[in-house]
Peer 1: 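Mind looking over this structure? Questions follow.
Numbers restart at 1 for each chain; the letters A, B, ... are given by sequence-line order, proteins then strands.
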Amino acid sequence: MTTIGWMQIALFALLILVFTRPTGRFMHKVFEGERTWLTPFLGPLEQFIYKLSGVSPQEEMDWKIYSAAMLAFSVVTAAFTYIVLRLQQYLPLNPEHFGTKHAPAWAAAVTPDLGFNTAVSFTTNTNWQAYGGESTLSYFSQMAGLASHMFFSAACGMAVAIALVRGLTRRNAKSLGNFWADITRSTVYVLLPLSLVLALFYVDQGVIMNFLPYRTVHTVQGSVQIIPGGPVASMEAIKELGTNGGGFFNANSAHPFENPTPLCNFVEMLTIFLLGAGLVYTFGIYAGDTRQGWALFGTMAVLFFIGAAVAYTQEARGNPLFSQFGINQSSRSLGDLGGNMEGKEVRFGEAASTLFATITTDASCGAVNSMHDSYTPLGGLVPMANILTGEVIFGGVGAGLYGMLMYAILAVFIAGLMVGRTPEYLGKKIEAYEVKMAMLATLILTADVLVFTAAACVMHVPHAAYWNAPGGTSTSLVSANTNNSGPHGFSEILYAFDSTTGNNGSAFAGINVNTPFWNLALGISMLAGRFLMMIPLLAIAGSMAAKKKVPASAGTFPTCTPLFAGLLLSTVIIVGALAYFPAVSLGPIVENVLMHAGRTF
Amino acid sequence: MKKQLLISLRIMLVLLVITCVVYPLVVWAAAQAFFPRQANGSLVKDAAGKIVGSSLLAQGFTSPWYFHPRPSAAGSGYDPTQSGGTNLGPASRKLIYGAAGFEGAGQLAADYRRENNLAPGIKVPVDAVTRSASGLDPDISLANCLLQAVRVAQARHIPLAQVSRLIRQYTHSPSLGFLNAPYVNVLRLNLVLDKQYPLHP
């Protein structure tokens, strides 16, 4: 650990704090259809979109219609991406001829199961990648098939969060707003202009932006190297801003063409939290009391600092098994390049790598600038636990806020049980229906992660047959696809279902998941994690919107105090983390004990 | 539901044109106009003016008169079509002790000691024996670079001071004063060595 490392973490947190209020205010105006300084330029574009799509933005929707619109949009866009991926050989901008018989020897095919997995992955804002971008997908597939969802799914996430917030704060209302207007406004006024500015900054830093075919060069020592091209910068900008995380290249934000400099890396990290943090303030404005937002912010900030500190200290200690070879891992002499450097880039070092890993899993981003699979057991536990608790630490754009509001409902319910009063949140009674829905969302996701993980550990498929042929070479166990043995292999499986159910998309990437069994199992997890969370929450929104507001009395538990933030923190830890403690013990915790005892696997 | 599906289709097509045609084309046009070098991959040329790679992508160097990058797990090594790391956990036997066709940390450290003729008390910097996340990490730590300087100077028959001067000149100091530890880009350093001290004058 070094002083400059801690300074990076502190500066990052400070800048997020500074940006939160202006971003939150701006987004509130956008979602309420008020004028902003961008309206003179982009207002006509917004109206143009409504006109061409046949949308009446004033038309209010109840929670069922709002959900139907969100689902319809997801189905249509997922189908579009599946078609684009499967037909990429007939589509333009495919200079490497992927999918045709002229494809290079190192290219991989888009099979039906991979197409399904990828279409679902980008629709659900997961951006789980069972493929390596540079060897599988054409520029058109990346641009139209995948980058489109980076806008769409981020806009959907924000829309659902805002709908929930409207439900919580409106009185005696039937409706939650207009889904089409919400996604259009967030795209036009927030995602698009910010992406444009960021993309140009990234190109300046060295991110590529071209449509050239891959270039074969003869290196200084005379070997051959193939340098890929592609429209990377435009995708990179929305990748972090929309907490999507799907890399153009297999190595994601560790690839020098996606993330070439320390400064570029720092900006990428800021943009992952920017909108998620801003939305917490937006919520405060809707609630009529920004302290309501700051209470959530406080809980998130505490959880963020714990994660960042644990990950950084664990990784900076290095790998104990390396010391026998006279390898220097000390940060005293190597600065921020001392520690566990396996799967990390020199230009980032320990602090910027572990900070990125913490942020990308606090939010449901899933971009990576280092390989989480090679983290020390407790260092790697941080990203895993961040996802297991539901990615509510600022969180994905929209997803973080609605996840945290779900915890808030549970927190006031628990507080209500303790004092024996009907719980209230924002002046509205929380009753059996809301708690049932919140618990439903929590339990479905927990069950999804644990049941799938357990099944994948013991399941057999017919030997060398269709379902797992490329991975299971000598055994019929689907768990044979892991890259590591022992507890770390288990961690790879747990992390895969954790990441997909949490719609994160980062991975303990050694596991070979590009087989029909894994593509389907993980695809189902992504769908469950997205929609079986969103729909119960929209149901809560609908039921809450219809309630009348009761005036605060002496017995009301205030939800804008440090006491509430503390209770919320405990709820996240108890509900989110304890459910997974047995599973986590079998993975990272056992591995940590054995590694320090000198065991290898 | 039918109405929603129809609107979905229409709004998707409209948004596709905006976010996937207009937006990337605007970025592309501006990138090519203002930052053509970066947008096209930061390609670098050798002394003869031939393009030999990208300054952002590591390439394999094994000769003693060149600085060596970190080991790579991208394909068969430094292959930009197969970017990625080893994805081996810290207690992986393969990572520590190696396996068929794969050098473990112990082997890599021993090789590094031998190549650079390190005295027994001197430790090997960890970045020299670990594979990066992308397999294309173009940089090495300053400590790693300085330990290789003696070998490079000897192999090129030039004074160590000349090599050290170039290293100082090519060291990437911390951005904004604290965003990274000092590091050196291997390809750029090797190219300037070739330019200033040609191997076959």
Peer 1: If you count heavy-atom pairs under 4.5 Å between each of A:Ala254, A:Gly338, A:Pro231 and chain B, which one has the most?
Peer 2: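 Going by pairs under 4.5 Å, I would pick A:Ala254.
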Peer 1: Just give me the residue among A:Thr77, A:Ile65, A:Asp336 that pairs up with chain B most often, heavy atom to heavy atom, under 4.5 Å.
Peer 2: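 Option with the greatest count: A:Thr77.
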Peer 1: What distance separates A:Leu263 CG from B:Leu176 CG, expressed to the nearest 0.5 Å?
Peer 2: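 CG of B:Leu176 is found 5.5 Å from CG of A:Leu263.
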Peer 1: Would you mind telling me which of B:Asp46, B:Leu15, B:Val21 has the largest number of heavy-atom pairs within less than 4.5 Å of chain A?
Peer 2: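 Of B:Asp46, B:Leu15, B:Val21, B:Leu15 has the most heavy-atom pairs under 4.5 Å with chain A.
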Peer 1: Report, one line per pair, each donor and acceptor closer than 3.5 Å where one atom sits in a side chain of residues 50-58 of chain B; sequence neighbours left out.
Peer 2:
from: B:Ser54; atom 1: OG; to: B:Gly41; atom 2: O; distance (Å): 2.7
from: B:Ser54; atom 1: OG; to: B:Leu56; atom 2: N; distance (Å): 3.1

Peer 1: Considering non-hydrogen atoms only, spot the tightest contact between B:Ala133 and A:Gly343 and give its length.
Peer 2: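 That closest heavy-atom pairing would be CB-O, 3.2 Å.
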Peer 1: If I compare all heavy atoms of B:Thr81 with all of A:Glu134, which pair ends up nearest, and what's the gap?
Peer 2: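 Where B:Thr81 meets A:Glu134 most closely, the heavy atoms are O-CG, 3.3 Å.
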Peer 1: If you count heavy-atom pairs within less than 4.5 Å of chain A, which of B:Val129, B:Leu88, B:Val14, B:Ile96 leads?
Peer 2: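 Counting heavy-atom pairs under 4.5 Å, the top option is B:Leu88.
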Peer 1: What pairs with A:Glu315 under salt bridge (Lys or Arg N to Asp or Glu O under 4.0 Å), at least two apart in sequence or on another chain?
Peer 2: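 Partners of A:Glu315 under the salt bridge (Lys or Arg N to Asp or Glu O under 4.0 Å) test: A:Lys344.
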Peer 1: Who wins among A:Ser148, A:Gly5, A:Gly335, A:Ser353 for the most heavy-atom pairs under 4.5 Å with chain B?
Peer 2: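 Maximum pair count with chain B is reached by A:Ser148.
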Peer 1: Decide whether A:Gln221 and B:Thr62 meet the rule of one side-chain donor and one side-chain acceptor closer than 3.5 Å.
Peer 2: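 Judged by distance alone, the side chains do pair up.
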Peer 1: Is there a donor-acceptor pair closer than 3.5 Å between any side-chain N or O of B:Arg10 and the backbone N or O of A:Leu52?
Peer 2: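 Present.
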Peer 1: Rounded to the nearest 0.5 Å, what's the gap from CG on A:Asn259 to OG on B:Ser134? Could you check?
Peer 2: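 Answer for the CG-OG pair, A:Asn259 versus B:Ser134, is 10.0 Å.
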Peer 1: Hey, mind stepping through B:Asp127 and A:Leu337 against side chain to side chain contact (heavy atoms under 4.5 Å, CB included) and telling me if it holds?
Peer 2: CA-CA 7 Å; B:Asp127 68 295; A:Leu337 293 171; 5.6 Å; no
Peer 1: Taking the side chain from B:Gln4 and the backbone from A:Met70, do they hold a donor-acceptor pair closer than 3.5 Å?
Peer 2: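 No, B:Gln4 side chain to A:Met70 backbone: no donor-acceptor pair under 3.5 Å.
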Peer 1: For the interface with chain B, which of A:Phe348, A:Tyr375, A:Phe249, A:Phe508 has the highest count of heavy-atom pairs at distances below 4.5 Å?
Peer 2: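 Between A:Phe348, A:Tyr375, A:Phe249, A:Phe508, the count favours A:Tyr375.
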Peer 1: For a 4.5 angstrom cut-off between non-hydrogen side-chain atoms, does A:Val207 reach B:Gln38?
Peer 2: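 A side-chain contact under 4.5 Å is absent here.
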Peer 1: What part of B:Asn190 gets closer than 4.5 Å to chain A, counting heavy atoms only: side chain, backbone, both or neither?
Peer 2: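 It is neither, since no heavy atom gets under 4.5 Å.
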Peer 1: I need the A:Phe322 CZ to B:Leu95 CG distance, nearest 0.5 Å.
Peer 2: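 It comes to 4.5 Å.
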Peer 1: For chain A, which candidate among B:Gly85, B:Ser83, B:Gly104 shows the most heavy-atom pairs at distances under 4.5 Å?
Peer 2: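 Looking at each of B:Gly85, B:Ser83, B:Gly104 in turn, B:Ser83 comes out on top.
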Peer 1: Between B:Gln32 and chain A, with a heavy-atom cut-off of 4.5 Å, which part of the residue counts as in contact: side chain, backbone, both or neither?
Peer 2: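 Looking at B:Gln32, just its side chain touches chain A.
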Peer 1: Using a 4.5 angstrom heavy-atom cutoff, name the option from A:Val188, A:Thr261, A:Leu321 with the most pairs to chain B.
Peer 2: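 Winner by heavy-atom pair count: A:Leu321.
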Peer 1: Heavy-atom cut-off 4.5 Å, strictly under: side chain, backbone, both or neither for B:Pro71 against chain A?
Peer 2: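 For B:Pro71, neither part sits under 4.5 Å from chain A.
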Peer 1: Side chain to side chain donor-acceptor pair (under 3.5 Å), that's the test. Do A:Glu342 and B:Thr86 meet it? Break it down for me.
Peer 2: CA-CA 8 Å; A:Glu342 182 68 30; B:Thr86 61; 2.7 Å; yes
Peer 1: Counting only heavy atoms not in B:Arg188 (residues, nucleotides, ligands), do more than 12 fall under 6.0 Å from its CZ?
Peer 2: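 Open.
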Peer 1: Within residues 107-123 of chain B, which positions have a heavy-atom distance to chain A below 4.5 Å?
Peer 2: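 Result: B:Ala109, B:Arg113, B:Lys123.
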Peer 1: B:Ile11 versus A:Ile49: any side-chain heavy-atom pair under 4.5 Å?
Peer 2: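 Of all side-chain heavy-atom pairs linking A:Ile49 with B:Ile11, at least one is under 4.5 Å.
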Peer 1: Quick one: which of B:Asn144, B:Leu43, B:Leu142, B:Leu191 has the most heavy-atom pairs under 4.5 Å with chain A, could you say?
Peer 2: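 Greatest number of close heavy-atom pairs with chain A: B:Leu43.
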Peer 1: Which bit of B:Asn40 comes within less than 4.5 Å of chain A, counting heavy atoms only: side chain, backbone, both or neither?
Peer 2: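 Looking at B:Asn40, backbone and side chain both touch chain A.
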Peer 1: Listing request: all salt bridge (Lys or Arg N to Asp or Glu O under 4.0 Å) pairs with a residue in residues 69-96 of chain B, at least two apart in sequence or in separate chains.
Peer 2: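 Residue pairs passing salt bridge (Lys or Arg N to Asp or Glu O under 4.0 Å), neighbours aside: B:Arg70-B:Asp137.
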Peer 1: Using side-chain heavy atoms (C-beta onward) and a distance below 4.5 Å, is A:Met209 in contact with B:Pro24?
Peer 2: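 A side-chain contact under 4.5 Å exists here.
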Peer 1: Tell me, side chain or backbone of B:Ser175 under 4.5 Å from chain A's heavy atoms, or both, or neither?
Peer 2: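 When you check distances to chain A, only side chain atoms of B:Ser175 fall under 4.5 Å.
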Peer 1: Sort out for me which of A:Ala68, A:Gly318, A:Ala352, A:Gly349 touches chain B most, counting heavy-atom pairs under 4.5 Å.
Peer 2: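 The candidate making the most pairs under 4.5 Å is A:Ala68.
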Peer 1: Which pair of heavy atoms, one from B:Ala181 and one from A:Leu334, lies closest together, and at what distance?
Peer 2: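 Minimum heavy-atom separation between B:Ala181 and A:Leu334: CB-O, 4.5 Å.
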Peer 1: Grab the two heavy atoms, one from A:Ile4 and one from B:Asn180, that are nearest each other, plus how far apart they are.
Peer 2: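 Minimum heavy-atom contact is CD1-O, 3.8 Å.
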Peer 1: Looking at B:Trp65, I want to see if its CH2 is surrounded by more than 12 non-hydrogen atoms of other residues, nucleotides or ligands under 6.0 Å.
Peer 2: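 Counting other residues, nucleotides and ligands, CH2 of B:Trp65 stays at 12 neighbours or fewer.
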Peer 1: Which one, B:Tyr23, B:Tyr183, B:Tyr66, leads in non-hydrogen pairs under 4.5 Å with chain A?
Peer 2: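 Highest number of heavy-atom pairs under 4.5 Å: B:Tyr23.
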Peer 1: How about B:Leu16 and A:Phe152: do any of their side-chain heavy atoms sit closer than 4.5 Å?
Peer 2: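 Side chain of B:Leu16 against side chain of A:Phe152, heavy atoms only: contact under 4.5 Å found.
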Peer 1: Heavy-atom pairs under 4.5 Å with chain A are the metric here; pick the option from B:Phe35, B:Phe34, B:Tyr97 that has the most.
Peer 2: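 Top option by heavy-atom pairs under 4.5 Å: B:Phe35.
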Peer 1: Is there side-chain contact between A:Met341 and B:Pro125, with heavy atoms separated by less than 4.5 Å?
Peer 2: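 No, side chains not in contact.
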Peer 1: Under a 3.5 Å distance rule, please check whether B:Asn87 uses its side chain to pair with a backbone N or O of A:Asn484 as donor and acceptor.
Peer 2: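 No; judged by distance alone, with no hydrogens or angles, the pair does not exist.
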